[in-house]
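The chains referred to below are lettered A, B, ... by the order of the sequence lines, with proteins before strands, and numbering in each begins at 1.
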2 protein chains.
Amino acid sequence: MVKKKAASAPPQTALADGDAEQRILDAAHKVFIRRGTAGARMQEIADEAGVNKALLHYYFRNKSRLADAIFQRVAGAVFGRIVLVVREQSALDDKVRSIIAIYLEQLSRSPYAPGYILAELNQDPERGRQLVQMISGLRDGVAPSVLIEALQAQIDVSIRAGTIRRISAQQFLTNLVSLCIFPFAAKPLLCAMLGMDDAGFVAFIEERKRTLPEFFLNALRP
Amino acid sequence: MVKKKAASAPPQTALADGDAEQRILDAAHKVFIRRGTAGARMQEIADEAGVNKALLHYYFRNKSRLADAIFQRVAGAVFGRIVLVVREQSALDDKVRSIIAIYLEQLSRSPYAPGYILAELNQDPERGRQLVQMISGLRDGVAPSVLIEALQAQIDVSIRAGTIRRISAQQFLTNLVSLCIFPFAAKPLLCAMLGMDDAGFVAFIEERKRTLPEFFLNALRP
DNA sequence: GTCTATACGGCGATAGAC
DNA sequence: GTCTATCGCCGTATAGAC
């Protein structure tokens with residue numbers, strides 16, 4: 001990271017909007033998600049950003065640090081809002097509806113983010129720790145374990161009230177997140193198996209927005 | 001691929017079981033799943049197999065072909081049995097129970113296979129086609145689209161009988177597969193977020209074997 | 001800050017002995 | 001069939017001019 005741009009004439013070359021650092025981040029975002037960290041090439045990022053390869057090292061020193069920055073950015077975008085919903089004061093079924101709506105809406109706009117995040121987590125053990133730290137660092141942030149306990153308490157209330165059947169917070173969350181994220185993480189798989197093109201996939205997700213909330217809430221009924 | 005070993009004294013070096021080609025495949029399997037195709041190194045595969053790097057090229061000509069062979073092998077192991085279950089003559093809820101049991105059992109033994117397969121599919125468009133072709137080529141194989149249609153027909157019967165609520169075969173399958181595969185594809189994510197180690201993950205999957213069938217079947221109830 | 005030029009190492013692939 | 005040795009490219013990273 002470099003200190004904020006000092007007073008100086010903005011370079012602003014013809015085909016560039018935003019300063020170089022930002023353009024590099026945006027370019028790296030695209031390329032890392034497309035190729036994965038191991039498959040990404042600094043040259044391709046430079047081309048995409050419309051700058052020279054050396055400038056990437058000027059701003060981020062090496063590929064590994066650039067990759068870290070992008071992972072934080074993408075993971076934050078995917079998990080940030082969800083964590084807020086889990087923590088807010090609202091009924092369990094409202095949370096479910098919110099989470100499904102937010103996920104399907106948001107991931108429709110960046111369908112390859114889940115695949116990228118999962119691949120990163122599989123190939124670099126450090127990523128797990130970074131993720132937990134990132135979540136704990138959100139505004140008013142608490143550790144994930146605290147979130148789980150709070151959710152379990154809320155679930156237990158509904159169980160005792162007889163409105164849902166017995167389930168652990170871990171399985172509850174895993175089921176919910178699986179149903180939301182997997183279709184995007186497996187987009188090429190689904191497209192191949194179900195014979196869909198990109199437009200077909202969009203329609204598929206639209207159908208899912210309508211049907212998934214009741215599917216999930218129905219599964220919870222006693 | 002090389003013609004089957006002709007009659008000749010088996011070399012059988014001290015620390016090697018099985019012929020070289022098989023050991024290379026097994027080693028490549030491990031390394032590709034661990035590192036991903038882009039991250040895998042021919043040298044690491046050679047070391048793991050206890051042979052020289054040059055021998056990999058003797059048997060498989062280049063890295064790309066070796067990667068193809070491994071992808072076929074892993075994908076076949078993951079999807080082969082499931083396809084058979086979907087096609088067999090049995091009640092819908094029995095199929096659901098079978099698929100969940102088979103997946104959770106089988107993936108417990110190779111938990112990193114899903115992550116590998118998804119990463120491959122995301123990064124190489126060719127993989128999708130290879131997968132469809134592989135499935136169509138199973139014994140008595142038919143194209144995935146035919147499987148879907150048959151499943152839809154079976155689902156429609158249950159809907160008309162009033163035993164399940166309205167759902168498309170696509171969403172049905174996606175939901176089922178999401179709930180089975182995602183926890184493995186996201187193993188490092190879940191371990192980090194839910195604070196589990198490897199033993200904790202095993203326990204988590206055991207709990208899932210008991211609870212997931214009723215969760216899913218419950219969701220289908222009218 | 002941004003560029004050009006280049007050093008350096010790693011990796012896939014081949015040649016050739018045994 | 002299996003090895004050793006080596007080639008040549010490609011990708012990261014740095015040096016240094018502007």
Side-chain angles (χ1 to χ4, degrees), chain A residues 1-28 30-32 34-70 123-124, chain B residues 1-28 31-32 34-71 123-124:
Chain A
M1 208 59 70
V2 154
K3 62 178 175 300
K4 284 290 157 246
K5 213 173 265 299
S8 70
Q12 204 67 339
T13 67
L15 66 161
D17 48 343
D19 59 3
E21 185 172 1
Q22 193 56 47
R23 292 206 320 278
I24 290 172
L25 276 170
D26 292 341
K30 276 193 198 174
V31 175
F32 276 121
R34 197 158 60 217
R35 310 274 187 208
T37 298
R41 297 288 161 252
M42 297 293 268
Q43 184 62 60
E44 188 176 358
I45 296 172
D47 293 347
E48 183 85 35
V51 299
N52 189 277
K53 217 174 37 164
L55 211 59
L56 308 192
H57 290 90
Y58 173 78
Y59 281 110
F60 295 94
R61 223 166 73 127
N62 57 40
K63 183 180 172 181
S64 169
R65 281 168 184 258
L66 181 53
D68 285 355
I70 299 303
Q123 277 150 37
D124 184 351
Chain B
M1 207 59 69
V2 154
K3 61 178 176 301
K4 284 289 155 246
K5 214 171 266 296
S8 69
Q12 203 67 340
T13 67
L15 66 161
D17 48 344
D19 60 1
E21 185 171 1
Q22 192 56 47
R23 292 205 320 277
I24 290 172
L25 276 171
D26 292 341
V31 174
F32 276 121
R34 198 158 60 215
R35 311 274 187 208
T37 298
R41 297 289 161 250
M42 296 295 267
Q43 184 62 58
E44 187 176 359
I45 295 172
D47 293 347
E48 182 85 35
V51 299
N52 190 277
K53 214 174 43 161
L55 210 59
L56 308 192
H57 290 90
Y58 173 78
Y59 280 111
F60 295 94
R61 222 163 75 117
N62 57 39
K63 183 180 172 180
S64 168
R65 282 168 184 257
L66 182 53
D68 285 355
I70 298 304
F71 179 75
Q123 278 151 36
D124 184 351

- Item | Phosphate OP1/OP2 of dC3(D) contacted by Y58(B) side-chain N/O (<4.0 Å) |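 No, outside the criterion.
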
- Task: Provide the closest heavy-atom pair for A40(A) versus V31(A) in the form atom of the first, atom of the second, distance.
- Result: CB-CG1, 3.9 Å

- Message: How close do N52(A) and A46(A) get, counting heavy atoms only, and between which atoms?
- Response: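 Shortest heavy-atom separation between N52(A) and A46(A) comes out as C-CB, 3.9 Å.
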
[X] has an atom [atom1]; how far is it from atom [atom2] of [N], in whole Å?
X      : N       : atom1 : atom2 : answer
F60(A) : dT2(C)  : CZ    : P     : 12 Å
L55(A) : dA5(C)  : CG    : P     : 17 Å
L56(B) : dA13(C) : CG    : P     : 10 Å

- Sequence neighbours left out, what passes side chain to side chain donor-acceptor pair (under 3.5 Å) with N62(B)? Give chain and number order.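 Once residues adjacent in sequence are excluded, N62(B) has no partner under the side chain to side chain donor-acceptor pair (under 3.5 Å) criterion.
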
- Is there a side chain to side chain contact (heavy atoms under 4.5 Å, CB included) between L66(B) and F32(B) once you walk through the steps? CA-CA 10 Å; L66(B) 182 53; F32(B) 276 121; 3.9 Å; yes

- Task: Name all residues meeting the side-chain contact (heavy atoms from CB on, under 4.5 Å) criterion together with R61(A); count only those two or more places apart in sequence or in a different chain, and write none if there are none.
- Result: R65(A)

- First locate atom NZ of K53(A), then atom CE of M42(A), and finally report the distance between them rounded to the nearest 0.5 Å. 9.0 Å

- Task: Could you run through nucleotides 7-14 of chain D and give me one letter per nucleotide, 5' to 3': B if any protein heavy atom sits under 4.0 Å from the base, S if only the sugar-phosphate is that close, - if neither?
- Result: ----SBBB

